[in-house]
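Working notes, structure below.
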Amino acid sequence: MAKRWRALLFCAALGVAQAGETDVVLDQRLNHVAEQLRCLVCQNQSIADSHAQLALDLKREARQQLAEGRSEQEVIDFMVQRYGDFVLYRPPFKSVTWALWLGPFLLLAIGLAALLYNVRRWDQQAEALEEQA
Amino acid sequence: MKRYILPLGGFAVLLVFLGVGLRLKPQEIPSPLIGKPAPEFTLTQVEDVRNVFHSRDMRGKVWILNVWASWCGPCRAEHPALLELSRLAVAPVVGLNYNDLRGDSQRWLKEFGNPYQVAAFDGDGTTGIEFGVYGVPETFVIDKQGLIRLKLTGPVTSEQVRDKLVPLVRELNHG
């Protein structure tokens with residue numbers, strides 16, 4: 001009798017441990033999704049960082065969808081369909097955002113070119129002065 | 001003189017960018033749902049749990065969906081404009097009571113007047129998420145085919161009712 005009880009307890013414990021493990025995995029996946037989504041009422045936070053009501057609601061929705069077996073990308077697509085690209089914390093690279101992504105590098109290149117041009121000119125001026133001297 | 005042109009030009013460009021930046025409203029996020037079918041929903045009504053509202057019953061009509069909550073200050077600000085819109089009776093105004101407590105919203109409607117033909121109760125905001133609601137109040141115009149034609153974010157003013165909502169609803173009704 002006692003043996004049977006022990007077996008039952010063991011099984012129950014195993015069940016709890018397993019549920020705990022899937023919860024941890026689910027939390028990790030949720031976090032991974034939440035970090036990529038912008039909280040639209042507190043725009044410089046992701047919904048993972050935010051405690052705004054909207055962020056909590058979106059996390060609840062994402063959690064539910066992940067638990068139902070949807071992939072992380074499917075959950076993100078769901079949000080983009082309803083909230084637009086703006087909900088993505090990392091804006092996608094497309095025709096309207098190329099200036100955003102490439103602009104800084106373009107400015108850097110212009111700056112470097114200007115610097116190079118001026119340094120050369122100063123060199124030439126210095127040489128000209130030396131020749132005069 | 002010539003050496004000042006480049007820095008001054010750069011400064012002018014910077015000023016233009018900053019000036020444009022000041023006019024942008026980052027709170028107003030364009031909805032990707034414009035021109036797309038409005039999500040269908042079935043919810044109980046605020047006043048009575050036993051009455052159910054199906055959004056598909058609105059097919060063939062131009063209608064206005066106003067998302068509001070009793071805890072939302074700006075909703076109080078737009079309330080007179082909504083009452084006016086409802087009085088004009090150009091289109092049915094349906095309320096979506098977002099993230100709210102039924103008792104609170106019932107009290108609100110009693111106290112301030114009910115501009116809605118139907119007020120649907122979305123207590124946990126799930127339907128709001130379907131509509132991409134991120135701040136209340138928000139107002140949608142939905143056409144006869146069930147497509148979202150306009151979204152206003154923030155409190156509706158009587159100017160917006162007169163200059164935007166009413167003309168658009170009339171146009172859609174004739175089309």
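Note that the structure is predicted; figures quoted are calculated from it, not measured. Convention: sequence-line order gives letters A, B, ...; per-chain numbering from 1.
For A/F93, the CZ atom counts as densely surrounded, since its 6.0 Å shell holds more than 12 non-hydrogen atoms of other residues, nucleotides or ligands. Annotation for A/L108: atom CG counts as buried by contact number, over 12 foreign heavy atoms lying within 6.0 Å.
Residues B/V133 and B/M58 share a single hydrophobic cluster, defined by chaining ILVMFWY side chains whose heavy atoms lie under 4.5 Å apart. Under the 4.5 Å side-chain heavy-atom criterion for ILVMFWY residues, no single connected hydrophobic cluster contains both A/L26 and A/L56. Transitive grouping of hydrophobic side chains (ILVMFWY, heavy atoms separated by less than 4.5 Å) keeps B/W63 and B/L152 in distinct clusters. At a threshold of 4.5 Å between side-chain heavy atoms, the hydrophobic network of Ile, Leu, Val, Met, Phe, Trp and Tyr places A/L58 and B/Y98 in one connected group.
Only the side chain of B/N99 comes within less than 4.5 Å of a heavy atom in chain A; its backbone stays farther off. Using a 4.5 Å cut-off between heavy atoms, A/V80 touches chain B through its backbone atoms (N, CA, C, O) alone.
Here the CG-OH distance, from A/D57 to B/Y134, works out to 16.0 Å after rounding to the nearest 0.5 Å. Taken to the nearest 0.5 Å, the CG atom of A/D85 stands 11.5 Å off from the CD1 atom of B/I29.
For the set A/E61, A/R60, A/M79, A/Q53, the entry with the most heavy-atom pairs within less than 4.5 Å of chain B is A/R60.
The main-chain N or O of B/F131 is never found under 3.5 Å from a side-chain atom of A/Y83 such that the two would form a donor-acceptor pair.
Annotation for B/P32 and A/G84: closest pair CG-N, 3.2 Å, computed over non-hydrogen atoms.
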